[in-house]
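The structure appears right after this line, and notes come after that.
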Amino acid sequence: MKSANLVSVIHAKNDLLSSTLGLYLNNFGVKMKKDELTDMESFVSQLQIHLEQIDICNGFYLGYTIHQISKEFDLLRFGKESIVNIELKRENTGKRMEEQLIENQYYLSFLEKKLYSFTYVAEDKKLFCLNDHNLLVETNFSLLISVLREQVLMQVEDINKLFDPSNYLVSPFNATEAFIEGRYFLTNHQKDIKRDILKLSSETGPCFISIQGSAGTGKTLLTYDIAKGYIHHTKNTLIFHCGNLNEGHRKLRKHDGWFIAPIKDYETYDLSNYDLIVIDEAQRMFKGQVDKLLNSMKNTYAKCIFSYDPEQCLSDGEIQRNIPQYITNQISPHIFKLTENIRVSKEIGAFIKNLFHLPKKNPNIEYENVHVQYFSNMDAAVGYVDMFTKQGWKAIHYLQNNYRDKLEDTAYGVIGQEYDHVIAMLDSRFYYDQNGKLVAQTSLEAPRYNLTKALFQIVTRTRKKLCVVIVDNELVLTQCLKILQK
C-alpha cells in the first residue's frame with residue numbers, strides 16, 4: 001500500500017471514468033466506496049477553506065486494514081514523532097464515534113508515537129477529536145491543520161511491517177492483568193459471535209453453545225471475555241478447564257466472581273446455581289464426564305458454553321473419542337466457528353502448515369522468524385535449548401520427564417497459552433509418510449500419547465519467533481530446509 005495525496009484522489013474521483021479511477025486507486029492499494037469518497041471530498045473541502053496549501057493533504061494512507069484482524073482506519077498519516085488518525089462519518093453517531101477512536105488509539109499505541117485522533121461528520125461539516133481524557137469533543141479545523149503542519153512525515157517502506165497482529169490478542173493466562181483491566185479489544189469477527197451468543201435465551205431451560213476455533217483465532221479470549229461480562233453483571237459464572245489449572249487461572253481466581261475448577265472436580269458443584277457454565281478445552285473430556293454434565297445441565301437455566309479446538313488433542317484416546325462431535329450429537333448446540341487467525345503470524349502459520357504436510361508449501365513466504373538448528377545427539381541439543389531459555393525463549397517438552405520438570409513446561413501445561421518466542425525439538429522418532437504428512441513413532445514412555453499432536457500443540461503456542469531443534473534426523477531436517485527456501 002502507498003500513501004496518497006487527498007486532493008489528488010478527489011480530483012481523480014471527479015474527473016476520471018470509473019474504470020480509470022479504479023486503476024488509480026488500486027495503484028495506492030485503496031479500496032474505498034463511492035460514498036466514502038464523497039465524505040472524504042467534504043472533509044478535504046473544509047481543509048481547503050482554511051488553507052490553500054496542498055502539502056498537508058500529502059502522505060495519507062486511505063482505508064488501511066491491519067492484516068489478520070480486519071481492523072480498518074479511514075485515514076492515517078505517519079510522522080516521525082506522531083500519528084494522525086481521521087475517521088470519516090456520514091452522520092453523527094455519538095458515543096460510537098468516541099468508542100471507535102479509543103479503540104483505534106489502542107491499536108496505534110504499539111507504535112509508541114504521540115497520537116492525534118479526529119472524526120469528521122460530513123452531514124454537519126463538523127470536526128471532533130479525542131481530548132487528553134479520552135473524551136470526544138468538538139474542535140476546529142485550525143487545530144488539525146496545525147497538527148498536520150507540524151508533522152514531519154515518516155518514510156514508510158511497508159505499512160504492514162508497522163503492525164504486528166499478535167500484539168492485539170491478549171491472553172487471559174499470559175497477560176492476566178491486562179485482560180482483567182480490559183486493555184484489549186475483540187475483532188469484528190469475535191464481536192459478531194459474542195453478540196449472537198448474548199442474544200440467545202436460557203429463560204425456559206439450558207442454552208447449549210459450542211465455540212470452535214483453531215490455534216491463534218482468539219477462542220480462549222472470546223470465551224473468557226463472555227465470562228467476564230457475566231461476572232461484571234454479577235451473574236454466577238463457573239468455568240471448568242479440561243486439564244490442570246495454569247498460573248493464569250490461579251491469578252483469575254483471586255478476583256471476585258471468578259470460579260474456575262479443573263474438570264475432574266465437576267461433581268462437587270451444583271450447576272443449578274449458575275447463570276453461565278463454561279467448559280474450556282472440551283475436546284479433552286471423557287464421554288462419561290460429558291454425559292453426567294449434560295444430565296446436570298438439564299436442570300439449569302444457564303447458558304452452557306463448550307469451547308474447543310478439535311485439533312488440540314494430545315492422545316490417541318482423545319482423537320478417537322471425538323468429543324466435539326459427540327457433544328453435537330447429544331444436544332445439537334448453537335455452533336459458532338472462529339476462522340480468522342490472529343495470534344500466529346502469516347509466516348509462522350505457513351511454516352507450521354507446511355511442516356505437518358509437505359504439499360502445503362507457500363513459495364512466496366520469507367521465513368525471517370523461523371530458525372532451524374541441527375545436532376547429532378540429545379545432550380548437545382538440550383544444552384542449546386537451555387541457552388535459549390536463559391534468553392527468554394519458552395521451551396516446551398512433550399512429557400514431564402522427571403520430578404524437576406514443571407507441568408507448565410509440557411504440551412499438557414501450555415494449553416490455551418501463548419509465548420513470543422518458542423523453541424521445539426524434533427528427534428529421530430518423527431518422519432514423513434507416503435502422503436507427505438509428518439507422523440511419529442509411538443512413545444515408549446506413554447504409548448497412548450500422540451507425539452505429532454503434541455508437537456502441533458507446542459509450535460502453535462508461538463506468537464513471533466519459532467526455533468526448531470532437530471536431533472539426529474537428516475530426512476526431517478532436509479524437508480525443513482526446503483520449506484525455508486523461497
Side-chain angles (χ1 to χ4, degrees), residues 173 210-217 219-220 223 239-246 249 261-267 278-294 306-330 352-353 355-357 394-403 405-419 422 424-433 435 437-462 468 476:
F173 307 143
S210 288
I211 299 178
Q212 177 181 337
S214 58
T217 57
K219 168 181 59 68
T220 301
T223 301
I239 300 174
F240 289 120
H241 178 71
C242 298
N244 293 280
L245 302 190
N246 58 46
H249 287 127
I263 190 64
K264 64 183 181 180
D265 296 340
Y266 72 97
E267 291 182 297
V278 174
I279 297 87
D280 192 25
E281 304 294 344
Q283 76 275 2
R284 303 194 58 216
M285 297 176 71
F286 293 94
K287 288 185 178 180
Q289 292 175 326
V290 175
D291 292 337
K292 290 181 179 180
L293 272 173
L294 292 179
F306 293 89
S307 180
Y308 58 82
D309 175 4
E311 296 299 320
Q312 298 288 347
C313 295
L314 294 177
S315 71
D316 292 334
E318 290 176 2
I319 297 170
Q320 292 163 6
R321 288 195 294 271
N322 194 1
I323 291 300
Q325 186 60 51
Y326 184 73
I327 291 172
T328 300
N329 294 341
Q330 298 301 307
I352 292 172
K353 183 181 292 186
L355 174 66
F356 285 88
H357 194 194
K394 182 67 174 180
I396 305 172
H397 308 296
Y398 292 90
L399 290 168
Q400 193 170 1
N401 293 322
N402 55 55
Y403 70 92
D405 288 345
K406 296 182 295 182
L407 179 66
E408 287 85 351
D409 292 333
T410 67
Y412 277 108
V414 299
I415 292 173
Q417 300 188 70
E418 58 187 53
Y419 307 93
V422 171
M425 195 179 297
L426 282 79
D427 58 22
S428 58
R429 289 174 292 183
F430 289 89
Y431 63 96
Y432 285 98
D433 65 14
N435 297 315
K437 290 186 177 181
L438 185 67
V439 292
Q441 300 170 7
T442 301
S443 171
L444 296 177
E445 303 92 356
R448 298 179 181 178
Y449 190 68
N450 191 297
L451 285 175
T452 309
K453 288 290 187 180
L455 176 63
F456 184 76
Q457 172 75 244
I458 291 168
V459 296
T460 54
R461 301 304 95 203
T462 311
V468 178
V476 170

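Given the structure is predicted, the values throughout are model-derived calculations rather than measurements.
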Which heavy-atom pair separates [X] from [Y] by the least distance, and what is that distance?
X	Y	result
Ala454	Tyr398	CB-CD2, 3.7 Å
Lys219	Ser307	CG-OG, 3.2 Å
Asp309	Ser214	OD2-CA, 3.5 Å
Thr452	Phe356	O-CE2, 3.5 Å
Val459	Ile352	O-CD1, 3.5 Å

Rounded to the nearest 0.5 Å, what separates atom [atom1] in [X] from atom [atom2] in [Y]?
X	Y	atom1	atom2	result
Phe306	Glu281	CZ	CD	14.0 Å
Gln457	Thr410	CD	OG1	9.0 Å
Phe456	Leu314	CZ	CG	11.0 Å
Ile458	Lys453	CD1	NZ	13.5 Å
Ile396	Thr462	CD1	OG1	7.0 Å
Asn246	His241	CG	NE2	6.0 Å

**Q.** pair Leu438-Leu455: side-chain heavy atoms closer than 4.5 Å
**A.** yes
Q: With sequence neighbours left out, write down each residue that passes salt bridge (Lys or Arg N to Asp or Glu O under 4.0 Å) with Lys437, or none if nothing qualifies.
A: none
Q: Could you point out which residue of Ile323, Asn322, Ile319 forms a side chain to side chain contact (heavy atoms under 4.5 Å, CB included) with Cys313?
A: Ile319
**Q.** Set of side-chain hydrogen bond (donor to acceptor under 3.5 Å, both in side chains) partners for Gln212, sequence neighbours left out
**A.**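 Result, side-chain hydrogen bond (donor to acceptor under 3.5 Å, both in side chains) vs Gln212: none returned.
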Q) Excluding sequence neighbours, so at least two apart, what forms side-chain hydrogen bond (donor to acceptor under 3.5 Å, both in side chains) with Thr220? A) none
According to side chain to side chain contact (heavy atoms under 4.5 Å, CB included), who are the partners of [X], at least two apart in sequence or on a separate chain?
X	value
Gln289	Ile263, Tyr266, Met285, Phe286
Tyr326	Lys287, Val290, Asp291, Gln330
Asp265	Pro262, Thr268, Tyr269

